[in-house]
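One structure is given below, encoded as structure tokens.
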Amino acid sequence: MEGGCMGYDESGRGASDTFPGTHVAALDDPTHAEPGEDRLGVHIVWEVLLLAAVAGVAYLLWRENPDTFRGDSLRSLLVDGVVLGLLTLAAGLSLRTAVVNLAIGPAAVAAALHMAEQGDRGAVAALGPALAVAVLGGLVLALVVTVLHVPAWAASLAAAAAIIGYIEQRDVAVLPQGGYDPTSDALYLFAGFAAVTVLGGSFGALRPIRRMVGRFRPVTDPARRRGVLAPVVAGGALVASSVLAVLSGALLGTPDAGPVAVGSGLDWTVLAVGTAMLAGTSAFGRRGGILGTLLAVSLVTLVLADLRASGLSASRWAVGVAVLGVGLVVTRLVEAYGGPRDGRTAVAEGLDFDGRMSGDWSAQRAEPIADWARALPPQPVESPTDRWDLPDWGPERHWDPSRR
């Protein structure tokens, strides 16, 4: 029946048609109908726990070796935090834009080797070509990921393999030739890192910026393209993460860090990605905290210093695996409790827990009927008329056409 049927035009359905009763402003991604707004409560709770862990490890380290927080030891500790912090920023930025860059560790080691070899030309003269290569390499990686629309982890792993091939051209560690000592600017470097981290986390908590940054995160089929803005932001994040990795490696190639060992750098990648996830950054993209990166970097740096003070081997592989394991659990918590309100069972402001649509009409879920006999309408008490009891059509009963 034409008047009683509901017609739907699938091609013209928008976010408000997909989720009746839900305003477009309540959708975190109206174009692709991803409902609700992220919650920051889980990040705040987790960052409080991180702060308590930082205070506890710092106290233990102070009890074992109080000199760690004095003079040159403190400045070296701050530089170590900046080195890990820049790599964690690179990993966190690529994670939040859903294009994780696994080449940051090899890029940092390659930059450290370059700075160690060319440092006698001056820090600025040696750093310039390294940054240019980082921008160019980041652009190539961004084009591969966004134009071909392939997984970033696979493309960046291929880039990491190419960089490792460059690193393995050397057989022995390289002694830094430069004269710049970053410990003299340790306080300023760490303050700059902290400011960038906190400002970035604060801006990333704003809904419009979070939407823009996380648009490359898939909501349906990961092979579907997400418009023009998504690849632009994702490509910029890949370039920025490559630059941050080179800046971190530049600090590793200074005389204060000692000889630069020849290695793949993947241990740095594992440690940085794990620290970013430990900070509360989701491995799926978009979601992240405000102070989490600063606190997580401080915690891991203090743990590494505590292991060295205790005389234990502070392997980056071992610490990285442990941090990454905890980071995976944190990602699960962030996705489960940091998503839209009631998003695990219903669309925010569109569906309630009974499955009814909020709005002018409702669609109640049908429930199975256990007893069909009770579900039938009641039958009349009197016997129904026999359908074979027809009227008398004898010859005295004639049909009159006028009686209609």
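Computed from heavy atoms alone, side chains included, the values below leave out hydrogens, waters and symmetry copies.
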Under 3.5 Å donor-acceptor pairs involving side-chain atoms of residues 185-202, not counting sequence neighbours:
{"from": "Asp185", "atom 1": "OD2", "to": "Tyr180", "atom 2": "OH", "distance (Å)": "3.0"}
{"from": "Thr197", "atom 1": "OG1", "to": "Phe193", "atom 2": "O", "distance (Å)": "2.8"}
{"from": "Ser202", "atom 1": "OG", "to": "Val198", "atom 2": "O", "distance (Å)": "2.8"}

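- A side-chain contact (heavy atoms from CB on, under 4.5 Å) with Ser248 is found for one member of Val243, Leu87, Val82 and no other, namely Leu87.
- Scored by the side-chain contact (heavy atoms from CB on, under 4.5 Å) test, Ala240 finds Leu93 as partners (sequence neighbours excluded).
- The backbone N or O of Gly105 sits less than 3.5 Å from a side-chain atom of Thr269, completing a donor-acceptor pair.
- Within the structure, ring pair (Phe, Tyr, Trp, His ring centres under 6.0 Å) pairs that include any residue of residues 230-265 do not occur (at least two apart or interchain).
- Counting heavy-atom neighbours within 6.0 Å of Trp317 CH2, excluding the residue itself, gives a total above 12.
- Taking each heavy atom of Ala110 and Ile163 in turn, the nearest pair found is CB-CG2, 3.8 Å.
- Taking every heavy atom of both residues into account, Val42 and Leu333 meet most closely at CG2-O, 4.1 Å.
- Annotation: Phe203, atom CZ; neighbour count of heavy atoms from other residues, nucleotides and ligands within 6.0 Å does not exceed 12.
- The backbone N or O of Gly285 lies less than 3.5 Å from a partner atom in the side chain of Arg217, making a donor-acceptor pair.
- Among residue pairs with one or both ends in residues 86-103, those qualifying as side-chain hydrogen bond (donor to acceptor under 3.5 Å, both in side chains) are Asn101-Ser241; sequence neighbours excluded.
- Under a 3.5 Å cut-off, the side chain of Glu47 and the backbone N or O of Leu291 do form a donor-acceptor pair.
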Decide yes or no on side-chain contact (heavy atoms from CB on, under 4.5 Å) for Trp46 and Val330, but give the supporting numbers first.
-> CA-CA 9 Å; Trp46 178 246; Val330 175; 3.5 Å; yes
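- With hydrogens and angles ignored, the 3.5 Å screen pairs no side-chain donor or acceptor of Ser76 with any backbone N or O of Ser73.
- Pairs of residues two or more places apart, or lying in two chains, never qualify as salt bridge (charged side-chain N to carboxylate O under 4.0 Å, His left out) while including a residue from residues 234-256.
- Checked against side chain to side chain donor-acceptor pair (under 3.5 Å), Gln177 has no partners two or more places apart in sequence or in another chain.
- Every side-chain contact (heavy atoms from CB on, under 4.5 Å) that Pro208 has, sequence neighbours left out, goes to Leu206.
- The backbone N or O of Ile290 sits nowhere less than 3.5 Å from a side-chain atom of His43 that would complete a donor-acceptor pair.
- Residues in residues 164-179 take part in these salt bridge (charged side-chain N to carboxylate O under 4.0 Å, His left out) pairs, two or more places apart or across chains: Glu117-Arg170.
- Note that CG of Leu304 is 11.0 Å distant from CG of Leu61, once rounded to the nearest 0.5 Å.
- The side chain to side chain donor-acceptor pair (under 3.5 Å) test applied to Thr183 returns Asp181, not counting sequence neighbours.
- Arg39 and Glu335 are not joined by a salt bridge, as no carboxylate oxygen comes within less than 4.0 angstrom of a charged side-chain nitrogen.
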Between side-chain atoms of residues 129-158 and protein atoms elsewhere (two or more places apart, or another chain), which donor-acceptor pairs fall under 3.5 Å?
{"from": "Thr146", "atom 1": "OG1", "to": "Ala142", "atom 2": "O", "distance (Å)": "2.6"}
{"from": "His149", "atom 1": "NE2", "to": "Pro222", "atom 2": "O", "distance (Å)": "3.3"}
{"from": "His149", "atom 1": "NE2", "to": "Arg224", "atom 2": "O", "distance (Å)": "3.1"}
{"from": "Ser156", "atom 1": "OG", "to": "Val100", "atom 2": "O", "distance (Å)": "3.4"}
{"from": "Ser156", "atom 1": "OG", "to": "Leu102", "atom 2": "N", "distance (Å)": "3.0"}
{"from": "Ser156", "atom 1": "OG", "to": "Ala152", "atom 2": "O", "distance (Å)": "2.8"}
{"from": "Ser156", "atom 1": "OG", "to": "Trp153", "atom 2": "O", "distance (Å)": "3.2"}

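- Among pairs with a residue in residues 302-327, those fulfilling salt bridge (charged side-chain N to carboxylate O under 4.0 Å, His left out) read Asp80-Arg308, Asp267-Arg316, at least two apart in sequence or across chains.
- For the salt bridge (charged side-chain N to carboxylate O under 4.0 Å, His left out) condition, no pair includes a residue of residues 140-154, sequence neighbours left out.
- Closest approach of Ile104 to Ala245, counting heavy atoms only: O-CB, 3.5 Å.
- Between atom CG of residue Leu95 and atom OG1 of residue Thr331 there is a gap of 8.0 Å, rounded to the nearest 0.5 Å.
- Using a 4.5 Å cut-off on side-chain heavy atoms (C-beta onward), Val334 and Thr281 make no contact.
- Between the side chain of Ser310 and the main chain of Leu307, no donor-acceptor pair closer than 3.5 Å is present.
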